[in-house]
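What follows is a single structure, written as structure tokens, with notes after it.
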Amino acid sequence: MNDILRETIKLVPEQPGCYLYYDKDGEIIYVGKAKNLKRRVYSYFHKQHNDSVKTKVLVSQIEKLEYIITDSEVEALILESHLIKQHKPRYNILLKDDKKYPYFLITDEDFPRIQVVRKKNLNPDKGRFYGPYTDVGAMYATLDFLKRLFPLKQCKKPKFSNRPCLYYHIGKCLAPCQGKVTPEEYQNLIRQVELFLSGKQTELLKQIQEQMQKYAETEQFEKAAKMRDSYLDLQKTLERQKVVYENTKLNEDIIAVLYEDGILSIVIMMIREGRLIDKKDFFYFVDNIDKTEYFETFFRDYYSGLKLAFPDRIILEEIGDKELYQDWLKVLSGKKVSINFARGKYKELYELALKNAANLLDNARLKKMAEIRDDFNEVGSYLAEKLRLTNFPNRIECYDISHIQGTNTVASMVVFQNGLPKKTAYRKFKIRSTEGKPDDFLSMKEVLSRRLARLGEPKWEKPDLIIIDGGKGQLSSVMQIVEELGIEGIDFVSLAKREEEVFLPQQSDSILLPRDSNALYLIQRIRDEAHRFAITFHRDLRSKAIKHNNLTS
């Protein structure tokens with residue numbers, strides 16, 4: 001720590017605000033917020049951080065500190081979000097999913113149009129935005145429905161100077177460019193579109209019904225008939241939506257979050273006026289995460305960019321500081337938005353959202369593995385180079401041990417061929433040498449001895465690479481076994497779960513593969529699959545043992 005940084009830390013006040021860390025090149029590498037700036041900043045420089053390699057590396061690179069005092073923790077939270085979006089610091093969590101979600105834009109014109117725009121174009125001077133929409137197909141279906149229900153202007157400039165275009169003749173536009181509709185009538189139509197996009201369908205139905213009655217009373221029967229058709233179309237759409245609460249105007253967002261296999265899956269189910277009107281899906285490829293920290297980053301990004309009306313209530317599993325986020329939502333939305341945990345009466349809806357999140361996670365997993373399969377030559381070459389392998393890793397095997405206090409000890413062997421699981425080659429082993437006396441080293445020695453003794457036999461092909469779950473110590477133990485057995489021509493590495501470090505034989509330093517690389521994702525999935533397969537086998541054996549004991553007792 002340099003002298004200027006040491007003196008700056010002494011001056012940090014015990015007030016809420018944001019702190020910014022700079023590296024030697026003057027680049028902002030981290031932004032944080034705190035209720036008590038002094039206490040938070042002090043903790044970075046006076047702790048060992050042995051539980052977090054990331055924090056340890058961050059602290060070693062800090063050359064300069066700046067801080068901004070705010071009046072409250074809520075203001076600090078708002079400022080932190082703004083600074084992270086502006087500077088994109090290297091050590092802050094930045095959720096990337098390579099997608100620019102579309103929004104609806106109601107343009108700021110005398111006779112507004114409705115358009116689809118992407119996130120990068122969200123300029124408030126252009127008009128009012130509604131979204132985001134994560135299901136593009138459903139969004140365009142909604143757009144078609146809106147254009148049929150509400151015949152808004154389609155063209156930016158009139159196609160003809162003295163007559164309406166085709167859209168007018170097929171009932172898709174009211175031809176304001178030719179004075180076929182009054183500004184008052186057109187603005188009323190725009191308000192109805194906004195009610196629909198805000199989920200206020202009950203109020204919209206009421207307005208259409210009143211307008212239909214007004215046209216009928218003034219003998220404008222053609223307009224009344226169009227209002228009637230719109231009313232019936234809207235009513236049919238509402239009937240197809242799932243009714244969650246009867247006789248209520250309740251607006252809720254139900255949020256479910258899952259993290260498995262390096263994928264963060266988030267589903268938001270939107271309930272407006274008691275009806276389930278939409279579902280938004282988000283997934284991110286992230287590793288070794290604090291799920292709560294990542295979710296809070298997502299939560300802030302989503303609601304700070306929300307262009308639809310805010311819900312009255314948000315139901316979720318957990319969030320760090322509930323009161324702080326409720327105050328923050330009140331500042332953003334201008335109204336009270338309560339946060340409730342998925343307990344009691346909220347549990348059933350949350351379970352439904354959780355099922356959707358599990359389905360989304362499965363689809364994301366398939367997508368990622370398909371990428372690896374299609375690019376395996378590149379992924380395998382990358383692994384071979386970075387891990388200094390002597391073989392191209394066509395066939396990768398991984399082993400895991402599972403037991404409870406030494407009882408029912410089992411081992412699993414999983415095989416991935418060209419980046420995909422080869423389940424016909426999976427093997428289960430009952431460990432004989434350590435029953436009743438847990439010893440993972442002896443268990444691994446037994447399973448590797450039994451497996452490697454069968455090299456060259458049918459259905460026991462020689463692997464190119466064997467992955468061991470664990471750190472440097474576990475790998476060293478395994479290499480002793482390999483040396484004793486005289487095994488050659490197979491590469492060995494180990495993968496430590498906490499920081500996903502890869503260790504190589506006879507190498508003291510670990511290798512960190514890029515967090516977003518397909519190579520790291522592949523070896524993590526192989527390790528996790530071995531763990532899953534071993535645990536499943538162990539549970540099966542334990543269940544059989546329990547049943548046997550019950551029958552014989």
Side-chain angles (χ1 to χ4, degrees), residues 30-35 51-52 54-55 73-74 76-78 80-85 88-89 91-99 101 119 132 134 252-271 278-306 308 310-311 313-333 337-343 346-347 349-365 368 498 500 515-516:
Y30 189 78
V31 173
K33 60 95 183 156
K35 191 174 184 178
D51 58 339
S52 174
K54 174 185 165 184
T55 307
E73 194 178 4
V74 173
L77 185 61
I78 294 169
E80 180 197 36
S81 295
H82 173 74
L83 291 171
I84 290 172
K85 285 177 183 176
K88 295 180 173 53
Y91 290 97
N92 281 98
I93 292 173
L94 301 171
L95 292 174
K96 299 175 184 175
D97 56 5
D98 300 323
K99 289 195 277 290
Y101 292 112
K119 195 171 184 177
T134 59
E252 293 178 335
D253 282 355
I254 320 292
I255 307 179
V257 186
L258 281 178
Y259 175 69
E260 286 178 19
D261 291 347
I263 301 166
L264 185 69
S265 161
I266 302 173
V267 165
I268 303 176
M269 298 181 67
M270 298 174 62
I271 296 167
D278 199 5
K279 175 177 72 74
K280 299 190 183 300
D281 298 336
F282 303 86
F283 64 86
Y284 306 90
F285 294 106
V286 292
D287 284 300
N288 194 30
I289 71 164
D290 178 334
K291 189 176 86 171
T292 302
E293 186 181 358
Y294 268 78
F295 172 65
E296 288 184 19
T297 300
F298 167 84
F299 189 87
R300 293 197 295 269
D301 282 355
Y302 178 78
Y303 284 105
S304 62
L306 190 65
L308 290 171
F310 278 76
R313 180 185 294 145
I314 298 170
I315 297 167
L316 40 73
E317 186 180 24
E318 62 177 328
I319 198 165
D321 191 331
K322 175 180 164 181
E323 303 301 326
L324 171 63
Y325 280 107
Q326 285 185 152
D327 291 343
W328 175 73
L329 287 165
K330 188 174 182 179
V331 171
L332 286 183
S333 65
V337 179
S338 62
I339 295 175
N340 293 87
F341 297 132
R343 316 277 190 272
Y346 305 119
K347 188 100 186 250
L349 279 173
Y350 175 75
E351 293 291 340
L352 180 61
L354 206 57
K355 286 179 185 176
N356 281 278
N359 183 62
L360 176 64
L361 194 144
D362 287 341
N363 290 333
R365 189 188 289 118
K368 189 71 169 179
R498 193 178 71 183
E500 304 296 16
R515 291 290 186 189
D516 58 353

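Just so it is clear, the values below take in all heavy atoms, side chains as well, and ignore hydrogens, waters and symmetry mates.
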Is it true that a side-chain atom of D253 and a backbone atom of P311 form a donor plus acceptor pair closer than 3.5 Å?
no
Begin with the C-alpha distance, continue with both residues' side-chain angles, and end with the deciding distance and a verdict on side chain to side chain contact (heavy atoms under 4.5 Å, CB included) for Y350 and R343.
CA-CA 9 Å; Y350 175 75; R343 316 277 190 272; over 6 Å; no
Write down the atom of A76, the atom of A34, and the distance for their closest heavy-atom approach.
CB-O, 4.5 Å
Do L349 and I271 come close enough that some side-chain heavy atom pair is under 4.5 Å?
yes
Roughly how far, to the nearest 0.5 Å, is CG of L361 from CG of L258?
6.0 Å
Those residues that, when tested against K368, pass salt bridge (Lys or Arg N to Asp or Glu O under 4.0 Å) (two or more places apart):
none
Test of understanding: with ring-ring contact (aromatic ring centres under 6.0 Å, His included), list the residues that count as partners of Y303, not counting sequence neighbours.
F299
Taking all heavy atoms of P89 and all of I84, pick out the closest pair and write down the distance.
CD-O, 3.7 Å
Walk me through it: do V257 and E317 pass the test side chain to side chain contact (heavy atoms under 4.5 Å, CB included)?
CA-CA 8 Å; V257 186; E317 186 180 24; 5.6 Å; no
Partners of E293 by side-chain contact (heavy atoms from CB on, under 4.5 Å), sequence neighbours excluded?
I93, D290
Yes or no on side chain to side chain contact (heavy atoms under 4.5 Å, CB included) for I263 and Y284, after CA distance, side-chain angles and deciding distance?
CA-CA 6 Å; I263 301 166; Y284 306 90; over 6 Å; no
Would you say the side-chain atoms of Q326 pair up with the backbone N or O of I339, donor to acceptor, closer than 3.5 Å?
yes
Just so I know, are the side chains of I266 and F283 near enough to count as touching, which here means a heavy-atom distance under 4.5 Å?
no
Looking at K355, I'd like to know if its NZ atom is crowded, meaning that more than 12 non-hydrogen atoms belonging to other residues, nucleotides or ligands lie closer than 6.0 Å.
no
Between CZ on residue F282 and CG on residue L264, distance to nearest 0.5 Å:
11.5 Å
Rounded distance (nearest 0.5 Å) linking atom CG of N340 with atom CZ of R313
5.0 Å
Value rounded to 0.5 Å, distance of NZ in K85 from CZ in R300:
10.0 Å
I'd like to know whether NZ of K35 has more than 12 heavy-atom contacts from other residues, nucleotides or ligands below 6.0 angstrom.
no
List the steps and the verdict of side chain to side chain contact (heavy atoms under 4.5 Å, CB included) for D321 and E73.
CA-CA 11 Å; D321 191 331; E73 194 178 4; 4.3 Å; yes
If I take atom CD1 from residue I319 and atom CD1 from residue I314, how far apart are they, to the nearest 0.5 angstrom?
7.5 Å
Are any side-chain N or O atoms of N356 and backbone N or O atoms of L352, one a donor and one an acceptor, separated by less than 3.5 Å?
yes
With rounding to the nearest 0.5 Å, note down the distance linking CZ in R365 to CG in L360.
10.5 Å
Any idea how Y325 and W328 line up, ring-wise: parallel (<30°), tilted (30 to 60°), or perpendicular (>60°)?
perpendicular
Between E296 and G320 (side chain of the first, backbone of the second, donor and acceptor by atom type, cut-off under 3.5 Å), is there such a pair?
yes
